[in-house]
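One structure below.
One-based numbering along the sequence shown. Please read these numbers as outputs of a predicted model, since none were measured by experiment.
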Amino acid sequence: MSENRRKYSREFKVDAMGLVTKQGYTVRQAAESLGIRENMLWRWKKQLQDEDAAAFKPGEGPGAEVKQLREENRRLKLERDILKKATAFFAKESQ
């Protein structure tokens with residue numbers, strides 16, 4: 001069984017832990033409100049305590065989001081260019 005794994009940014013993980021540490025939510029309440037599993041929050045909490053600034057592997061934070069957005073931007077530009085060419089082609093045919 002292949003399962004799609006979600007990737008969460010560092011900011012999301014830190015904010016999720018903020019619900020527990022700063023806002024007084026229990027781990028269970030925070031997990032339910034975020035729609036994630038409770039064991040993930042426990043693991044993130046441990047990583048944050050153990051590694052602090054180096055927690056949550058580099059490459060999954062804002063840099064990864066920028067990379068994803070650039071790739072999406074490139075793909076959308078290609079699609080736009082294809083549609084422009086198709087529109088010009090069909091406009092010539094209809095005349």
What's the shortest heavy-atom distance between Met40 and Tyr8, and which atoms?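 For Met40 and Tyr8, the tightest heavy-atom pair comes out as CE-CE1, 3.3 Å.
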Which heavy atom in Arg6 sits nearest to a heavy atom in Gly35, and how many Å separate them?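 Answer, listing the atom of Arg6 first, then Gly35: NH1-O, 4.0 Å.
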Taking transitive links into account, so neighbours of neighbours count too, which hydrophobic residues share a cluster with Leu83 at under 4.5 Å side-chain distance?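 Listed partners: none, Leu83 stands alone.
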Taking ILVMFWY side chains as joined if any heavy atoms are under 4.5 angstrom apart, and letting links pass through other members, which residues group with Leu78?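 Members besides Leu78: none; it forms no cluster.
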Would you list the pairs meeting side-chain hydrogen bond (donor to acceptor under 3.5 Å, both in side chains) in which at least one residue belongs to residues 79-90, sequence neighbours left out? Arg75-Glu79
Under the salt bridge (Lys or Arg N to Asp or Glu O under 4.0 Å) rule, what pairs show up with a residue in residues 23-35, not counting sequence neighbours?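 For residues 23-35, and leaving out neighbouring residues, the salt bridge (Lys or Arg N to Asp or Glu O under 4.0 Å) pairs sorted by first residue read Arg28-Glu38.
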Those residues that, when tested against [X], pass side-chain contact (heavy atoms from CB on, under 4.5 Å) (two or more places apart):
X	value
Phe90	Ala86, Glu93
Ala30	Leu19, Val20, Tyr25, Leu41
Thr21	none
Ile82	none

Would you say the side chain of Asn39 lies within less than 4.5 Å of the side chain of Trp44, judging by non-hydrogen atoms?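 No, too far: nothing below the 4.5 Å cut-off.
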Run the salt bridge (Lys or Arg N to Asp or Glu O under 4.0 Å) test against Glu71 and tell me which residues pass, sequence neighbours left out. Arg74
Rounded to the nearest 0.5 Å, what separation is found between the CD atom of Gln68 and the NZ atom of Lys7?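 Those atoms lie 10.0 Å apart.
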Under the side chain to side chain donor-acceptor pair (under 3.5 Å) test, which residues partner Arg70, sequence neighbours left out?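 Side chain to side chain donor-acceptor pair (under 3.5 Å) list for Arg70, sorted by chain: empty.
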